[in-house]
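Data block below; observations after.
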Protein chains: 2
Amino acid sequence: MVTIADVARHAGVAPSTVSYVLTGKRSISPQTRTKVRESIRLLGYHPHAGARALATSRANVVALVLPLRPGVHLPVLMRFVTAAVTTARRHDMDVLLVTADQGAQGLRRVAGSAQVDGFLVMDVELDDDRVPLLRQMAQPSVLIGRPAAVKGLTCVDLDFEAAGARCVDHLADLGHRYIGFLGAPSVVYQRNTGYAQRTMAGFGAAAMRRGIASTALPAEDDYESVLVSVRSLLRTQPAMTALVVHNEAALGWVAGSLRALGRRVPDDVAVVAICPDELAEQMQLTSVQLPAEELGRQAMELLVARLNGHPTAPLTLLPPKLSGRASTAPRLRRA
Amino acid sequence: MVTIADVARHAGVAPSTVSYVLTGKRSISPQTRTKVRESIRLLGYHPHAGARALATSRANVVALVLPLRPGVHLPVLMRFVTAAVTTARRHDMDVLLVTADQGAQGLRRVAGSAQVDGFLVMDVELDDDRVPLLRQMAQPSVLIGRPAAVKGLTCVDLDFEAAGARCVDHLADLGHRYIGFLGAPSVVYQRNTGYAQRTMAGFGAAAMRRGIASTALPAEDDYESVLVSVRSLLRTQPAMTALVVHNEAALGWVAGSLRALGRRVPDDVAVVAICPDELAEQMQLTSVQLPAEELGRQAMELLVARLNGHPTAPLTLLPPKLSGRASTAPRLRRA
DNA sequence: AGCGGCTGTCGAAGCGCTTCGACAGTGGAA
DNA sequence: TTCCACTGTCGAAGCGCTTCGACAGCCGCT
């Protein structure tokens with residue numbers, strides 16, 4: 001292994017000088033600098049990460065805590081991971097992969113051994129048991145998701161309330177006056193999954209604001225259930241001409257159910273989905289996307305900011321973006 | 001930060017003694033051992049990873065080099081990653097995430113700074129430009145995939161030849177005598193993607209061995225092309241009663257194409273796919289699976305073995321496993 | 001009683017890096 | 001000319017751990 005001493009000897013300077021060339025923490029004459037740089041290149045020198053970590057108490061590594069449970073949408077996860085890694089690299093950081101199944105235990109171990117300088121934790125739930133730990137750890141962390149209390153944390157999330165509202169506004173602007181909401185399976189609302197509830201809330205509030213009649217129902221993820229839910233929505237509100245769907249798994253059955261009930265998309269019923277963009281693209285649905293890249297990038301930027309001692313807001317909400325596609329159209333006024 | 005000196009003081013012993021308790025490299029009296037263990041627990045001590053790495057020149061971290069280009073099947077990738085991480089943890093190793101887009105450059109950096117003890121490189125192609133680098137690096141590596149020359153390497157892969165053969169055998173055992181092969185898009189065969197060619201080769205050889213007439217054709221991944229390819233196969237070999245498909249993207253169109261041409265699955269044409277299990281499960285296809293977990297686990301075990309100085313075979317091929325589902329049936333002898 | 005070989009523990013050196021204080025050398029102000 | 005303030009470089013200490021050689025105490029042997 002080539003050490004800093006080798007480089008120093010080769011360049012005819014002291015090790016400390018090489019270090020200063022590398023870190024730029026003291027001024028070095030141009031001649032010396034180029035000489036040292038040349039030696040570094042020639043010898044193929046790379047500073048020993050462990051030694052550097054020991055001396056600076058900075059590892060230049062962040063932990064990425066990934067949920068690997070079934071049910072996460074993998075394309076979105078991957079886009080997120082890619083963005084996070086890319087952003088980390090732009091700040092000369094590496095990424096240590098920690099799977100959520102290692103639990104709080106794993107976090108403690110990684111944090112305790114000073115392997116990483118900070119944590120990026122995905123898929124945080126309303127009352128996540130890792131939150132108290134993260135709060136008291138020496139290393140800063142950024143959470144994707146939104147636990148009940150964000151005080152003392154740094155959280156990034158899509159603004160699901162705004163997303164729900166955005167759907168309503170889009171449909172209202174198109175002239176729709178009766179809108180239905182097809183939500184996640186009811187169990188999702190039972191356990192504390194904040195984003196589902198917040199979307200609903202945003203949807204409901206926006207509808208009220210715009211003077212629009214709304215009806216909401218959960219949906220399970222098989223065809224029969226979706227059909228039942230959709231039928232029930234139509235029965236409750238026969239004048240319904242638009243539907244907001246916040247349920248990836250049910251998405252595939254919605255158009256079919258509507259067709260089975262004699263409604264065509266978008267002419268009889270306009271559909272807006274809140275879902276990953278690929279799905280929407282594939283089914284040609286107007287949708288509010290889950291901005292995975294943006295989330296990953298932002299989260300990592302915030303983490304880096306905290307590592308550099310900058311204060312950060314406890315909660316950053318990304319504004320929803322709606323992409324118009326074939327599943328929405330202005331309300332048809334029948335003769 | 002709690003250091004080994006703190007623990008030593010608390011337990012009334014020398015730092016080296018604590019170290020020996022931790023590593024077990026010298027015998028320690030039971031009394032001392034429990035005393036030290038207790039102090040460790042009480043103080044919440046974790047050895048500093050960097051310091052340890054510096055002293056032992058072992059980081060206890062392996063790099064996982066992931067392809068994040070489009071086209072990789074993410075569920076399979078994730079299963080693989082999970083298995084690799086889990087296996088690593090069982091050997092007290094952590095996993096550093098390196099994305100393939102960082103290229104050889106990235107490998108060199110990570111290797112040079114002694115951040116990791118070894119590399120697990122996924123998705124290696126026949127003439128991968130990282131292979132020469134990996135060969136000459138100080139750290140050992142295990143490759144998933146199979147470059148042209150495996151000498152001096154450690155590679156793990158599914159035995160694609162055997163997979164092709166396994167399909168033929170299954171169909172032959174069911175009485176089929178005329179079998180078609182629907183391959184990857186032709187560009188895949190043009191660039192050097194070993195596994196596609198090897199599957200073909202295994203398929204062809206097995207057919208010859210069993211005295212079976214075989215015809216093969218590539219397929220693009222849209223409905224029209226698949227239809228054209230299937231029609232062409234049937235025209236070339238009108239007596240064809242079985243089809244092996246090695247093309248995930250085309251898979252969705254195969255049954256439809258056959259139906260459009262007046263053939264029903266499995267009665268008129270039996271279909272065997274070589275694809276990830278979820279896909280096969282979802283479409284109810286008899287298939288040879290891509291054993292992602294097994295691959296990840298094996299690869300990591302081999303890497304650990306190499307890290308411990310054990311020699312490993314340059315090539316480990318996993319035997320294919322065929323799962324029977326609704327798309328194959330014995331050949332129907334028509335009246 | 002004396003000796004050799006164990007066992008269990010200690011102290012110190014060293015892993016490769018950063019960083020602090022020291023200090024020559026230089027140029028400009030007094 | 002003297003003095004001061006820089007600028008650029010060096011040497012040494014120290015980060016927290018492992019590991020090697022040393023060695024005290026003990027047992028069992030002659």
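Naming: A, B, ... by sequence-line order, numbering from 1 per chain.
- Residue B:Thr3 places no side-chain N or O under 4.0 Å from the OP1 or OP2 atom of D:dG16.
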Next on the checklist: Could you go through A:Thr32 and A:Ser29, starting from their C-alpha distance and side-chain angles, then the distance that decides it, and tell me whether this counts as side chain to side chain donor-acceptor pair (under 3.5 Å)?
Outcome noted: CA-CA 5 Å; A:Thr32 311; A:Ser29 73; 2.7 Å; yes

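- Scanning atom types as modelled, no donor and acceptor separated by under 3.5 angstrom connect the side chain of A:Tyr20 and the base of C:dC17.
- When rounded to the nearest whole Å, the span between CG of B:Leu22 and C1' of D:dT18 equals 11 Å.
- To the nearest angstrom, C1' of C:dG14 lies 15 Å from CD1 of B:Ile4.
- In the set D:dT9, C:dC10, D:dT18, the nucleotide with an atom closest to the side chain of B:Thr23 is D:dT18.
- Contact annotation: the side chain of B:Leu64 never approaches that of B:Val98 to less than 4.5 Å [non-hydrogen atoms, C-beta and beyond].
- Taking only side-chain nitrogens and oxygens, B:Ser29 comes nearer than 4.0 Å to OP1 or OP2 of C:dT9.
- Of the side-chain N and O atoms in A:Lys25, one or more sit less than 4.0 angstrom from OP1 or OP2 of C:dT19.
- Across the protein-nucleic acid pair, A:Arg52 atom CZ and C:dC15 atom P stand 19 Å apart, rounded to whole Å.
- Note on B:Asp159 versus B:Arg198: no salt bridge recorded, every NZ/NE/NH1/NH2 to OD/OE distance being 4.0 Å or above.
- Going from atom CD of A:Gln115 over to atom C1' of D:dG16 covers 15 Å, rounded to whole Å.
- The nucleotide whose nearest atom lies closest to any side-chain atom of A:Thr56 is, among D:dC17, C:dT9, C:dT18, C:dT18.
- At a threshold of 4.0 angstrom between heavy atoms, the contacts of A:Ser16 include nucleobase atoms, whether or not backbone atoms are also involved.
- A straight line from NE2 of A:His48 to P of C:dT18 spans 12 Å, rounded to a whole angstrom.
- Nearest nucleotide to the A:Ala55 side chain, out of C:dT18, C:dT9, D:dC17: C:dT18.
- Neither OP1 nor OP2 of D:dC15 sits under 4.0 Å from any side-chain N or O of A:Ser57.
- For the pair A:Arg33 CZ and D:dT7 C1', the computed distance is 13 Å after rounding to whole Å.
- Nucleic acid contact for A:Thr32: sugar-phosphate only, since backbone atoms but no base atoms lie under 4.0 Å from a heavy atom of the residue.
- Dense packing is recorded around NZ of B:Lys35, with more than 12 heavy atoms of other residues, nucleotides or ligands lying under 6.0 Å away.
- Remark: the B:Ser27 side chain and the C:dG8 base include no donor-acceptor N/O pair separated by less than 3.5 Å.
- Salt bridge status for B:Arg58 with B:Asp117: present, with a side-chain N to carboxylate O gap under 4.0 Å.
- Distances were taken from every side-chain heavy atom of A:Tyr45 (C-beta onward) to each of C:dC17, D:dT9, C:dT9; the shortest belongs to C:dC17.
- Each of C:dT19, D:dC17, C:dC17 was ranked by its minimum atom distance to the side chain of A:Ser19; first place goes to C:dT19.
- Nucleotide D:dT18 holds its C1' atom 13 Å from the CD1 atom of B:Ile28, rounded to whole Å.
- Applying the 3.5 Å distance criterion, the base of D:dT19 shares no donor-acceptor pair with the side chain of B:Arg26.
- Within the 4.5 Å cutoff, no side-chain heavy atoms of B:Leu303 are placed close to those of B:Thr312.
- If you measure from atom CD of A:Gln31 to atom P of D:dT7, you get 16 Å, rounded to the nearest angstrom.
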